Amino acid sequence: MQTPHHGHQDPAGHGHHQPDHGHRHVGEDLLSVEEAYRQIMACFSPLEIEEKPILDCLGQTLAVDVRSPLALPPLANSGMDGYAVRRDDIAGSSETSPRNLQVIGLVAAGQVSTQTVEPGTAIRIMTGAPVPAGADTVVPFEETDEISRRASGRPLTDIDIQADLPFGCNVRPAGEDVQPGMLVLEAGTVIRPAEVGVMASLGLDRAQVIRRPLVSVLSTGDELASLGEALAGGKIYDSNSFSVAASVVAAGGVPKILGIARDNLEDMHRKLEQVADSDLLVTSAGVSKGDYDVVKDVLTERGDINFWSVRMRPAKPLAFGMLRGDPVNGTGRPIPLMGLPGNPVSAMVAFEMFARPAIRTMLGRKQLARPTVEGVLTGPIYNTDGRRVYARVEVEKRDGEYYANPTGPQGSNILTSMSRANALAICPEDIPAKQAGERVKIIMLDWNEEVTI
Ligand SMILES: Nc1nc2c(c(=O)[nH]1)N[C@H]1C(S)=C(S)[C@@H](COP(=O)(O)OP(=O)(O)OC[C@H]3O[C@@H](n4cnc5c(N)ncnc54)[C@H](O)[C@@H]3O)O[C@H]1N2
Ligand code: MOO
């Protein structure tokens, strides 16, 4: 559907530097965000399995079920420091009518006692130590006269039990947590510190996981300077390589920064030689309508790439397709290419909407989308040309309500307003504005403790 242009000066800060903002291009064929997403995601699936040390697997997904080779705990053991006793011996004991038992030994964690608790006897036991034969119950020190005995210098060769505890009290049975052969972690589980701990508790030092995607990151443009270079007139630093590479890391991928390809054929071709090992190539800039169509020309020559205009702001221009594998280099494998728009915010938002879910799919993640909430806008979001607007907002929670505060000028070159944002609030494509006080859908980019959510 083509929404008419709303003619007014754009108070959200669009349109001052970029001639396209606020104007409809007659006949421009815009793709919906959903259709772009659908076509992109159809090209991705989980990658192969790798085996590696469990600590290196954090954030990856298990590729196979993990069954336990053992019982946890392996033996019945004590949950307290105290005395291992036979419950029949302590029935009816109390502070005023204690039962005296002969202490025949001591067992610490990591030892197995060779002694048996016979009627009328007890063994001192430490937390985690296996419960000796004959005993079925552990009485904590606090429920005995041990402290007063020690204070008065009497030996611990016998002990007064001052409480009647139920059978099995303070004994952690063998296999209470895990039995041998039990399915402990299912394939597809995301490995967090708890899963690393569980695998370690089973004695497993390596795990089989879906490998992380290698994502090549390429910036294009003659105006770009590398960090560390002095800025000559008209140049700007290449921030996209770094915001995109950081976004790759945050999404769980491994970035490979290829640097800057200049707007000439040789440079582009040379850079593309380096992507053969990658699972995805993410470029930025050169996908809109410009005089220098080098990026488009090279990509079109070397792949089956579509150049889209997506009905969203920022990030309208987007390229997506397959770069042909290079039979000469021995890599016949086609590589998906995502061409992000050059504007720094547009690049990040396009990454967020399309590259992040693609990377998570390759990682075997089931949950692809960020969490969304509904909240109240504290300033307006304008939609001047029938695109879905993803406005940078800072979300905070007050009195049980989420409030979305626009982070200032929303031009797609204003990268600092991305840094101030922790979310994107949406003005739908068919609505000219969302006003302060209206409810909006909010995509949470970050649940940040500092902003008290
Ligand atoms: N006549 C039209 N002009 C533009 C249109 C349009 O439809 N018609 N679309 C505008 C929109 S929307 C966007 S977004 C940009 C995207 O353009 P490109 O992807 O072709 O990128 P460039 O024009 O090369 O660069 C845009 C902007 O971004 C800066 N840039 C590029 N790379 C980097 C980088 N690595 N780090 C930091 N900044 C970068 C570049 O200097 C430009 O300022 O096109 C509009 N124009
Ligand atoms: O509106 Mo562009 O889409 O600045 O990203």
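Nothing here was measured: the structure is a model prediction, and the numbers come from that model. Counting starts at 1 for both ligands and their atoms, following the listed order. Positions are given from 1, in the same order as the sequence printed here.
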* Per-residue contact class, Ala285 against ligand 1 - non-hydrogen pairs under 4.0 Å -> both

* Hey, is Ala350 one of the residues with a heavy atom under 4.0 angstrom from ligand 2? -> no

* Side chain or backbone of Pro314 under 4.0 Å from ligand 1, or both, or neither, by non-hydrogen atoms? -> neither

* Asked: What atoms of ligand 2 come closer than 4.0 angstrom to any heavy atom of Pro317?
  -> 3 (O)

* Do the ring planes of Tyr402 and Trp447 sit parallel (below 30°), tilted (30 to 60°) or perpendicular (above 60°)? -> perpendicular

* Structure fact -> Honestly, for Ile260 the part within reach of ligand 1 (heavy atoms, under 4.0 Å) is neither

* Pairing of Arg270 and Glu273 as salt bridge, 4.0 angstrom limit -> no

* Decide whether the shortest distance between a heavy atom of Pro344 and an atom of ligand 1 is less than 4.0 Å. => yes

* Structure fact -> For Ile236, the atoms of ligand 1 under 4.0 Å from one of its heavy atoms are 37 (C), 38 (N), 39 (C), 41 (O)

* **Test side chain to side chain donor-acceptor pair (under 3.5 Å) applied to Thr127 and Ser78, step by step** => CA-CA 5 Å; Thr127 303; Ser78 177; 5.5 Å; no

* Go through Thr384 and Arg313 one step at a time and tell me if the side chain to side chain donor-acceptor pair (under 3.5 Å) criterion holds. => CA-CA 10 Å; Thr384 55; Arg313 178 198 292 271; 3.1 Å; yes

* Asked: Does ligand 2 have any atom that is closer than 4.0 Å to a heavy atom of Pro341?
  -> no

* For ligand 1, which atoms, with element, lie under 4.0 Å from some heavy atom of Ser219? -> 35 (N)

* Please could you name the atoms of ligand 1 that Pro317 approaches to less than 4.0 Å, counting only its heavy atoms? => 12 (S), 13 (C), 14 (S), 16 (C)

* Six-ring centre of Phe351, Arg356 cation under 6.0 angstrom, axis tolerance 45° -> no

* What atoms of ligand 2 come closer than 4.0 angstrom to any heavy atom of Asn343? -> 4 (O)

* To do: Please work out whether the ring planes of Phe141 and Tyr83 are parallel, tilted or perpendicular, with thresholds of 30° and 60°.
  => perpendicular

* Asked: Just which atoms of ligand 1 are under 4.0 Å from any heavy atom in Lys316?
  -> 7 (O)

* Structure fact -> Checking heavy atoms under 4.0 Å, the part of Ser239 that sits near ligand 1 is both

* With a 4.0 Å cut-off, would you call Glu429 and Arg388 a salt bridge? -> yes

* Asked: With a distance cut-off below 6.0 Å to the six-membered ring centre and an angular limit of 45° from the axis, does Lys397 pair with Tyr403 as a cation-pi contact?
  -> no

* Asked: Counting from 1, what ligand 2 atoms have a heavy atom of Lys316 closer than 4.0 Å?
  -> 3 (O), 5 (O)

* salt_bridge(Asp222, Lys235) N-O dist < 4.0 Å -> no

* Asked: Between Val138 and Leu165, which heavy-atom pair has the shortest distance, and what is it?
  -> O-CD1, 3.6 Å

* Identify, by atom number and element, the atoms of ligand 1 in contact range of Gly286, meaning under 4.0 Å from any of its heavy atoms. => 18 (P), 19 (O), 20 (O), 21 (O), 24 (O)

* Considering the heavy atoms of Pro314, write down every atom of ligand 2 situated less than 4.0 Å from one of them. => 1 (O), 3 (O), 5 (O)

* Structure fact -> Restricting to heavy atoms, the pick from Ser243, Ser288, Ala319 nearest atom 20 (O) of ligand 1 would be Ser288

* Counting each atom of ligand 2 from 1 as listed, which ones have a heavy atom of Ser346 under 4.0 Å away? -> 2 (Mo), 4 (O), 5 (O)

* Counting only heavy atoms, which portion of Pro341 has something under 4.0 Å from ligand 1: side chain, backbone, both, or neither? -> both

* Asked: With a 4.0 Å cut-off, would you call Glu374 and Arg439 a salt bridge?
  -> yes

* Would you name the heavy atoms of Leu70 and Ser201 that are closest together and state the gap between them? => CD1-O, 4.2 Å

* When you look for heavy atoms under 4.0 Å from ligand 1, do you find them on the side chain of Asn413, its backbone, both, or neither? -> neither

* Asked: Going by the order shown, which atoms of ligand 2 are within less than 4.0 Å of some heavy atom of Arg387?
  -> 1 (O), 3 (O)

* **Polar contact flag for Ala315 and ligand 2 (N/O pairs, less than 3.5 Å)** => yes

* Output the list of atoms in ligand 1 that are nearer than 4.0 Å to some heavy atom of Tyr237, sorted by atom number. => 36 (N), 37 (C)

